[in-house]
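Below is one structure; the comments refer to it alone.
Just so we're clear, the structure is a prediction, and the values are computed from it rather than from any experiment.
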Amino acid sequence: MKNNDDFDFIKNKFENDNIVAPDSIGENSVAERLEGKGPAKIKLYKRRGFKAFVSAAACVAVVLCSITAFNYGSNSNAAQNDENAQGNLLSFESYSDIQKAAKRSAEKEYYDISLFDSYSYKAEATADTANESEEKGMGGGSNSETYVQVEGVDEADIIKTDSRYIYFAAGRDNTVKIYDSKTNKIVSCIDDFKIEDHTDYNYDGSYYVSYDECIYEMYLIDERLIINTTSTDSTFVKSDNTIEETHSYVYDISNVENPKRLSAFTQSGSYISSRMIGDMLYVVSSKYLYYDMCKELDDCIPYTSCGDEKNMINAQDVYYCPKSDDSSYIVISAVDISSKKKSTETKAIFGAAGEVYCSRDNLYITVSKYENAGQKTEIIKASLNDGKINLEGSATVSGYIDDQFSMDEHGGYFRVAVTTQAADGKDINKLFVFDSNMKKVGEVKGFAKNESIKAVKFLGDTAYVITYEQTDPLFVIDLSNPQNPEILGSVKIDGFSSQLLTLENDRILGIGYNTSETEYGVIQDGLKLVLFDVSDKANPAVLDTYVLKDAYSEAQYNHKAIVINKEKGYFAIDYSQYISSETGEDEEHNGALTFEVKGDKINVTHNFDCSKNNSAEEYSPVYRCAYIDDTVYVVSCLGNFYSFKY
């Protein structure tokens, strides 16, 4: 191995300090990254929506930065040692200062010799009071829309629909297929990123598909399709390491049979997430700073581009927390899609981006930190005003968050639910409330000991939190007094919900996992739907459940896989199920469930099995559901389309 000495040094350092690295930065993972391997690899049938899955290119920044964030003894940032610390974001004054800071941070990771210096520059940002945001279920009308967290804030997905066409980013060949629901045919394909036969094998013999540029998600805005990708370049002349760039391409689809690329925007780093508010696209990427990159100024400064020329971000638009030791950037850009302008604004912050929550006024990004006391989460706040991005500040809490739904903004307050460790080392959960200046004003102290948060739904002044160890408690938390939030009641049920949807008449729908007790312990063995009654918040109750044994769905871990038809009053989700055949072998069945909530009951209306309706040459697992008028469509990994009448 080329960098074997480097890996041995890191390994010995971990062992001497009694640090146990998680699997994601274990020996094999770190060794591969020290070799600078590329391009990005994505498992053939791995579902893109699974929140624990990111391509190698997209997770390099998070994985390697995690090494830096481990304990460095008494030199760690003092503010991070607090239970929940308020952090001021400071901006740099010059490129040379940025290069110096980046180099020291990269050196620390590479050699473990010095900390990021504490600068004394003046913070520029001021805080605004956040406006209240509301959740959005799903649009009614004649076609499905992406299920989003906040009304008026669109989220990208691998499938989009209008009143006639379905646009789908097919996983294996890395194309966008456009399907005509009237003719039941694929009328065109955007194949600018297509791969032919870039396959490889994993150590266990499974297939991988290698992408030089990977499609992640899309938006459909009128007659424009915006495609977000990450490209990987492993031929960096000054280093053996790879370079990742995030691209946002705008296509004119007024003629669906002949889509035309209108413009392209590029920013440094791997794609993390994005949001659309009106015609303004906000893109978040994460750029890892390899040690060799810091030797040259133009290699360690994040940049944007609307063509061949790269434009480095202004030094004053690069921020950091005092004594931060992160060797990654978070890059945030605002792009006006309607006018095809270059980035209206771009900001960068030292840190490795995790989950992203976005209201109509503010963007929140999490950064995981690892210390002797355990994991902490820094939350960075950026205000959004018609394309203007202002870094407002940050706060740090003990523990980690489950996903973007663990965060919420309401009435000028930011709320976040976390799982942390108690003094005895067991998991415990907390909920914090911050004001618009990211100063903590209230909290719900530890609850559900030895359990972890699996789902959160904020609804106005109430939070519904699911935790799990062997049973599924639903906690109802009153947030009407931000300075004194309190738990009102709870109810337990076997299994656990990982997605929570609020319905009419004080009902909560849970989508998650069934569990069973076996001789080997508790196992997850199916897809489970749960209907909760929360009309009496002090005494929530379980009204009904439905279990599809030996099945799983992308909807269990990706809210975008949930389809809601408000007009017809039904839900649709994909599923894969393993059923024993007459020969005793497990057969995989893939399809879609549609179900209704009527009164106090969950009624499954259709169980559509694609394997019984398969006319395609190659059969593959399903990714998504969609509907147009009275027809429900099920789309496979390979871009095969199946349909049935509701």
Side-chain angles (χ1 to χ4, degrees), residues 48 58 143 145-146 148 152-170 173-179 186-194 211-231 244-285 302-311 313 331-346 356 358 363 384 386-389 560:
R48 295 192 191 192
N143 60 271
E145 298 175 4
T146 302
V148 300
V153 181
D154 197 8
E155 299 185 36
D157 195 16
I158 61 173
I159 189 169
K160 295 289 182 177
T161 61
D162 56 28
S163 58
R164 178 168 177 173
Y165 298 99
I166 300 175
Y167 308 82
F168 180 72
D173 60 3
N174 207 41
T175 63
V176 176
K177 292 179 169 61
I178 303 178
Y179 178 86
I186 294 174
V187 295
S188 63
C189 178
I190 299 174
D191 58 4
D192 296 351
F193 321 100
K194 185 176 181 178
Y211 296 99
D212 294 324
E213 184 167 2
C214 178
I215 297 175
Y216 274 81
E217 299 176 312
M218 308 178 296
Y219 292 95
L220 178 62
I221 309 294
D222 298 326
E223 294 181 337
R224 291 161 295 165
L225 194 68
I226 298 94
I227 302 175
N228 293 321
T229 73
T230 287
S231 64
E244 297 84 34
E245 292 180 332
T246 291
H247 310 275
S248 297
Y249 301 98
V250 180
Y251 284 83
D252 177 4
I253 53 170
S254 56
N255 179 0
V256 294
E257 295 183 0
N258 187 28
K260 294 182 178 180
R261 183 183 292 185
L262 297 177
S263 61
F265 172 78
T266 297
Q267 67 185 48
S268 51
S270 300
Y271 178 80
I272 297 297
S273 189
S274 64
R275 298 292 189 274
M276 283 285 299
I277 302 177
D279 283 321
M280 197 62 64
L281 172 66
Y282 297 94
V283 184
V284 179
S285 63
Y303 56 83
T304 63
S305 173
C306 285
D308 295 332
E309 183 180 356
K310 296 179 180 179
N311 301 295
I313 299 174
V331 184
I332 311 169
S333 292
V335 185
D336 189 337
I337 297 301
S338 62
S339 65
K340 308 175 192 175
K341 294 179 182 177
K342 64 180 297 183
S343 159
T344 302
E345 188 122 284
T346 300
V356 174
C358 187
L363 182 74
L384 310 175
D386 193 26
K388 297 295 182 182
I389 303 170
K560 299 172 186 178

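- Closest approach of Pro302 and Val331 over heavy atoms only: CB-CG2, 4.0 Å.
- By the salt bridge (charged side-chain N to carboxylate O under 4.0 Å, His left out) test, Asp192 is found to be paired with Arg261, residues two or more places apart in sequence or in another chain being considered.
- Of the inter-residue distances, the one linking Thr346 atom OG1 with Ile313 atom CD1 reads 5.5 Å to the nearest 0.5 angstrom.
- At a cut-off of 3.5 Å, with distance as the only test, no side-chain donor of Ser274 or Tyr216 sits close to an acceptor on the other residue.
- Of the possible donor and acceptor atoms, one in the side chain of Thr246 sits under 3.5 Å from a partner among the backbone N and O of Tyr271.
- Side-chain contact, Thr304 with Asn311: no donor N or O sits under 3.5 Å from an acceptor N or O.
- The distance from the CG atom of Asp191 to the CG atom of Asp173 is 9.0 Å, given to the nearest 0.5 Å.
- Heavy-atom minimum distance, Tyr165 versus Val187: CE2-CG2, 4.3 Å.
- Here the options are Glu244, Gln267, Glu245, the test is side-chain hydrogen bond (donor to acceptor under 3.5 Å, both in side chains), and the partner is Ser285; only Gln267 passes.
- Between Asn228 and Ser248, the shortest heavy-atom distance links the atoms OD1-OG, 2.8 Å.
- Separation of atoms OG1 (Thr230) and CG (Asp212) is listed at 12.5 Å; rounding is to 0.5 Å.
- Between the side chains of Glu345 and Tyr282, no donor-acceptor pair of N or O atoms lies under 3.5 Å.
- A donor-acceptor contact shorter than 3.5 Å links the side chain of Asp336 to the backbone of Ser338.
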Hey, mind stepping through Leu384 and Ile389 against side-chain contact (heavy atoms from CB on, under 4.5 Å) and telling me if it holds? CA-CA 5 Å; Leu384 310 175; Ile389 303 170; 4.2 Å; yes

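- Of the possible polar contacts, one joining the Asn174 side chain to the Glu213 backbone as a donor-acceptor pair under 3.5 Å is found.
- Of the possible polar contacts, none joining the Asp154 side chain to the Met276 backbone as a donor-acceptor pair under 3.5 Å is found.
- Heavy-atom neighbours of Asp386 CG from other residues, nucleotides or ligands within 6.0 Å: at or below the threshold of 12.
- Put simply, the residue from Lys160, Glu155, Glu217 that forms a side-chain hydrogen bond (donor to acceptor under 3.5 Å, both in side chains) with Thr146 is Lys160.
- Aromatic rings from Tyr167 and Tyr251 are positioned such that their centres are separated by 6.0 Å or more.
- Taken to the nearest 0.5 Å, the OG atom of Ser333 stands 9.0 Å off from the CG atom of Leu281.
- Between Tyr249 and the choices Thr266, Ile226, Thr229, the side-chain contact (heavy atoms from CB on, under 4.5 Å) rule is met once, by Thr229.
- Shortest non-hydrogen contact noted between Val256 and Pro259 is O-CD, 3.6 Å.
- In this structure, Arg275 and Val356 have side chains that are in contact, with non-hydrogen atoms separated by less than 4.5 Å.
- Inter-residue side-chain proximity for Ile221 and Ile337 is flagged as unmet; no heavy-atom pair is nearer than 4.5 Å.
- Closest approach of Phe265 and Cys306 over heavy atoms only: CD1-SG, 3.8 Å.
- For the side-chain contact (heavy atoms from CB on, under 4.5 Å) with Phe168, the qualifying choice from Ile178, Ile159, Val176, Asp157 is Ile159, the only one to do so.
- Contact record, Ala170 with Lys177: CB-NZ, 3.7 Å, taken as the closest heavy-atom pair.
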